[in-house]
K.L.:
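Please find one structure pasted underneath; my questions will follow.
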Amino acid sequence: MATPVTVVILAAGLGTRMKSRRAKVLHRAGGKPLVEHVVSTALRLAPAERIFVVVGHQAEEVRRSVSTPGIGFIEQTEQKGTGHAVMVGRDRLAPLGGYLMVLYGDCPLLRAETLERLIDAETSGRAAATLLTAEMADPTGYGRVIRDGRGLVAEIVEQKAASPAQLAIREANMGIYCFRADLFWQHADRLRTNNPAGEYYLTDMAAILTGAGHAVEALRIDDAREALGINTRIELAEVDALLRGRKLRELMLAGVTIEKPETVSIDADVSIGMDTVVEPFAQILGHTTIGENCRIGACSVVRNCKLGEAVEIAPFTLVEDSRLDRGVHAGPFARLRMNNHVEEGARIGNFVELKKTHMGTGAKANHLAYLGDSSIGARSNIGAGTITCNYDGARKHVTTIGEGAFVGSNSTLVAPIEIGEGSYIAAGSVITKPVPRDSLAVGRAHQVVKEGWAKKRRERNAK
Ligand code: UD1
Ligand code: CA
C-alpha cells in the first residue's frame, strides 16, 4: 500500500442500551469480546503500531482484552460522542498522516476484504472521505445518508435529528470511514454539539468536508448484516449466531463433519483437523486446537485444549486447559479440569475427574476416580473408585505412581505418596506409606469369617 493507513477503533462508550454494568465492547460474540474481533480485522490492514483503540469505560479491562502487543490506546475520559473520541487522539494520530480509518468497536462482523475495498475506493479517487453504507430493510437507529444531485454524500443525519422524510431513507451509515488524514485534522475542530444528544458526532464530518468544497463518497455494500452494530442484547445474540454460523461453514468447507450444526458452538479461535466429527450440542471454546480424525461427543465442552489426532471425547465430557495426545479416549461423563496432560492412547472413563494430572502412554482410569496433582506412569491401571487425597485442608500434595502399576478398586491414596513401578495395591486399601517397586501393598482391615453365624442368628430370632 502506497500511502499508509492509520486505524482508530472507538471503544470508549458504556453502551447504555445494553443495560449492563460492563462496557459494551467487552461483551462477547462468537467467543471473544467484540473489540477483539475488530482489532483482529484491523491487524489485516495495518501494522499494530498504526492501530489505536479509544478507551474510556472500563479502560483497564478493555486494554487487557486486546492481547496483541504494540497496539496504541487513547484515553477518552469523558464520552462526548464519536467525533470527540477521535479528536482526543489528535496529538498521536495527526502526525501519522496518510489516511485515517475509523471503525466502531461494536461492529464485529466486518470483514477485512470489505475494508480493503473501502481503502481502495478512497485512495484511488479524489474524495476527502469515503464511508461505508448499506440499504437496510429497517435502518432504525442508524444514521441516514443524504446524497446530493451528483450522488455524493451531502450529510449524515442521525436518527434523533432526522425529519420524517429523512427517516424514510433506507441507506444507512455503517459507521466505517476512511478519511484523508490531512483534511480530517484540518477541519475536525469545526465539530459542534448542536444536536439533540449534545454530542460531537463524527458523522457531521461529512457535511463539514462538503461545506469546505471537498467531495465525500459512499461505498455501498450489498449485505448490511456485515456491518451490524450491536446496541442491544438482541443484536448481540444475532451477531453471535452470524459469527458462529460463519465459523461452522469455514470448518465444514475445510473438511470437518458437524452434525446438526445449529446446535453446536465453536469459538472464533478454534482450529480443527480434517475428518474430525463434532456431534450435536458440543461446545468447542477458547483457544482450542483439535487434530484430524477426532470425535467430539454430543453435549461435551472442550475449552482451551490441545487434542492430537484420533482423540475421542465421548458424550457429556468436560475438558479444560488440558492436552490430550493421539488416540486418547475420555468420557462419557468425565471431567478434566486444569493443566492435565494425557499421553498417547490413555483412557479416561465415566465419572473420572482429573486435575493437574499427567497420565503416561496407555494408562487407564476407566471408572469413578479422582486423580488430582498426580503423575501416573505409562500402562498403569487405576481401578474404579480410586481417590488421590491431595488436599489436607491447608495444602495440596502430590501422588506419583510408577509405570505399569495396578491400583485396585476403591483405593485411597493419601498424598504426598509414591507408588513404585510395577507394584500392586490391593482393592480397598488406604495407602499412607510409600510402596516400593514390584511389591504388593494391602492397607485394609483383615477379613474375619465366622462360619454358620448367620444361620444361628436367624434360628435365635425365630424363637
Ligand atoms: C453510530 C453513528 C451512526 C451509524 C451507527 C452504525 C454517530 C454519531 N452515529 O451510531 O450514524 O449508523 O453508528 O453502527 O457516530 N464511542 C466512543 N466514545 C464516545 C461515543 C461512542 O468511543 O464518546 C464508541 C462506542 O463505544 C461504540 C462506537 O463508538 O463502540 C459507536 O457508538 P454508538 O453510541 O454505538 O453509536 P450509534 O448510536 O450506534
Ligand atoms: Ca452502535
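Side chains are part of it too, since the values below use all heavy atoms of this structure and drop only hydrogens, waters and symmetry mates. It should be emphasised that the depicted structure is a prediction, and the values quoted were computed from it without experimental measurement. Just so you know, ligand 1 is whichever comes first in the structure, and atom 1 is the first atom listed for that ligand.
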K.L.:
Looking only at heavy atoms, what is the nearest atom pair of Cys305 and Asp321, with distance?
P.N.:
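Looking at all heavy atoms of both residues, the shortest contact is SG-N, 3.7 Å.
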K.L.:
What protein heavy atom sits nearest atom 22 (O) of ligand 1, and how far off is it?
P.N.:
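It is Ala12 N, 2.9 Å.
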K.L.:
Identify the protein heavy atom lying closest to atom 8 (C) of ligand 1, giving its residue, its atom name and the separation to 0.1 Å.
P.N.:
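Its nearest protein heavy-atom neighbour is Tyr201 CD2, 3.2 Å.
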K.L.:
With only distance considered, is Gly81 within less than 3.5 Å of ligand 1 through an N or O on each side?
P.N.:
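In this structure, Gly81 places an N or O atom under 3.5 Å from an N or O of ligand 1.
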K.L.:
So which heavy atom in the protein is nearest atom 31 (C) of ligand 1, and how far is it from that ligand atom?
P.N.:
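That would be Tyr104 CD1, 3.6 Å.
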K.L.:
Side chain, backbone, both or neither: which part of Glu158 comes within less than 4.0 Å of ligand 1 when only heavy atoms are counted?
P.N.:
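Contact part for Glu158 vs ligand 1: side chain (C-beta onward).
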K.L.:
At a 4.0 Å threshold, what atoms of ligand 1 neighbour a non-hydrogen atom of Tyr142?
P.N.:
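Numbered from 1, ligand 1 contributes 6 (C), 12 (O), 14 (O).
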K.L.:
Donor-acceptor pair, distance only, cut-off 3.5 Å: does the side chain of Thr263 make one with the backbone of Phe281?
P.N.:
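It does hold such a pair.
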K.L.:
Between Gly143 and ligand 1, is there a nitrogen or oxygen pair with a distance under 3.5 Å?
P.N.:
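Yes; at least one N/O pair falls below 3.5 Å.
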K.L.:
For atom 21 (C) of ligand 1, which protein heavy atom lies nearest, and how many Å away is it?
P.N.:
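I find the closest protein heavy atom is Thr82 CG2, 3.8 Å.
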K.L.:
Looking at Ile71 and Ile51, what are the two nearest heavy atoms and their distance?
P.N.:
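Looking at all heavy atoms of both residues, the shortest contact is CG2-O, 3.6 Å.
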K.L.:
Report yes or no: does Arg17 have a heavy atom closer than 4.0 Å to ligand 1?
P.N.:
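It does, in that a heavy atom of Arg17 comes within the 4.0 Å cut-off of ligand 1.
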K.L.:
Counting only nitrogen or oxygen atoms and a 3.5 angstrom limit, does Tyr177 reach ligand 1?
P.N.:
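Not met; the criterion fails.
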K.L.:
Please list the nearest protein heavy atom to atom 39 (O) of ligand 1 with its residue and the distance rounded to 0.1 Å.
P.N.:
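Going by distance alone, atom 39 (O) of ligand 1 is nearest to Asn231 OD1, 3.6 Å.
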K.L.:
May I ask you to identify, for His57, whether its side chain, its backbone, both or neither come under 4.0 Å of ligand 1 on a heavy-atom basis?
P.N.:
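Neither part.
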K.L.:
Any side-chain donor paired with an acceptor under 3.5 Å for Arg303 and Gln283?
P.N.:
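No.
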K.L.:
Side chain, backbone, both or neither: which part of Ala85 comes within less than 4.0 Å of ligand 1 when only heavy atoms are counted?
P.N.:
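The side chain, only.
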K.L.:
Over all heavy atoms of both residues, which pair between Leu228 and Pro108 is shortest? Give the atoms and the distance, please.
P.N.:
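The pair with the smallest heavy-atom distance is O-CD, 4.3 Å.
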K.L.:
For the residue pair His84 / Glu199, report whether a side-chain donor-acceptor contact shorter than 3.5 Å exists.
P.N.:
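Distance-only check fails for Glu199 and His84.
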K.L.:
Quick one: which of Val157, Val54, Asp106, Leu132 has a heavy atom closest to atom 35 (O) of ligand 1?
P.N.:
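Looking at heavy atoms only, the winner is Asp106.
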K.L.:
Taking 4.0 Å as the limit for heavy-atom contacts, which would you say applies to His84 with ligand 1: side chain only, backbone only, both, or neither?
P.N.:
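Within the 4.0 Å criterion, His84 makes no contact with ligand 1.
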K.L.:
Is it the case that ligand 1 has an N or O less than 3.5 angstrom from some N or O of Gly13?
P.N.:
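Between Gly13 and ligand 1 (N or O atoms, distance only) the closest approach is under 3.5 Å.
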K.L.:
Going by atom types alone, do Thr133 and Glu171 pair a side-chain donor with an acceptor below 3.5 Å?
P.N.:
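Side-chain D/A pair, Thr133 to Glu171: present.
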K.L.:
Begin with the C-alpha distance, continue with both residues' side-chain angles, and end with the deciding distance and a verdict on side chain to side chain contact (heavy atoms under 4.5 Å, CB included) for Lys306 and Leu324.
P.N.:
CA-CA 6 Å; Lys306 191 167 168 19; Leu324 278 57; over 6 Å; no
K.L.:
Is there an N/O/S atom in Asn231 at a distance below 3.0 Å from the Ca ion (ligand 2)?
P.N.:
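Within the cut-off used here (under 3.0 Å), Asn231 does place an N, O or S atom near the Ca ion (ligand 2).
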K.L.:
Apply side chain to side chain contact (heavy atoms under 4.5 Å, CB included) to residues His37 and Cys107 and explain how you reach the verdict.
P.N.:
CA-CA 8 Å; His37 286 280; Cys107 297; over 6 Å; no
K.L.:
If you take all heavy atoms of Ala227 and Ile221, which pair is closest and at what distance?
P.N.:
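Taking Ala227 first and Ile221 second, the nearest heavy atoms are CB-CD1, 4.4 Å.
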K.L.:
Is Val239 close to Leu243 at the side-chain level, that is, under 4.5 Å between some pair of heavy atoms?
P.N.:
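Side-chain contact under 4.5 Å: yes.
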K.L.:
Do side-chain atoms of Lys247 reach the backbone of Val270 as a donor and acceptor pair under 3.5 angstrom?
P.N.:
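Such a contact is found between Lys247 side chain and Val270 backbone.
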K.L.:
Has Ala11 got any heavy atom lying under 4.0 angstrom from an atom of ligand 1?
P.N.:
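Yes, Ala11 has a heavy atom closer than 4.0 Å to ligand 1.
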K.L.:
Regarding Asp392 and His397, is there a side-chain donor-to-acceptor distance under 3.5 Å anywhere?
P.N.:
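Indeed, the side chains of Asp392 and His397 share at least one donor-acceptor pair under 3.5 Å.
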K.L.:
Indicate yes or no: does an N/O atom of Asn173 lie under 3.5 Å from an N/O atom of ligand 1?
P.N.:
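N/O-N/O distance under 3.5 Å: yes.
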K.L.:
Do any N/O atoms on Gln76 end up under 3.5 angstrom from N/O atoms on ligand 1?
P.N.:
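In this structure, Gln76 places an N or O atom under 3.5 Å from an N or O of ligand 1.
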K.L.:
Would one find an N or O of Ala227, backbone or side chain, under 3.5 Å from an N or O of ligand 1?
P.N.:
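No, no N or O pair falls under 3.5 Å.
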K.L.:
So if I count the atoms of ligand 1 from 1 in the order they appear, which ones are less than 4.0 Å from some heavy atom of Lys80?
P.N.:
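Matching atoms, with element in brackets: 23 (O).
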K.L.:
What is the minimum heavy-atom distance between Pro4 and Arg50, and which atoms define it?
P.N.:
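So the minimum-distance heavy-atom pair works out to CB-CZ, 3.4 Å.
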K.L.:
Considering non-hydrogen atoms of the protein only, which is the closest contact for atom 29 (O) of ligand 1, and what is the distance?
P.N.:
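Result: Leu10 CB, 3.5 Å.
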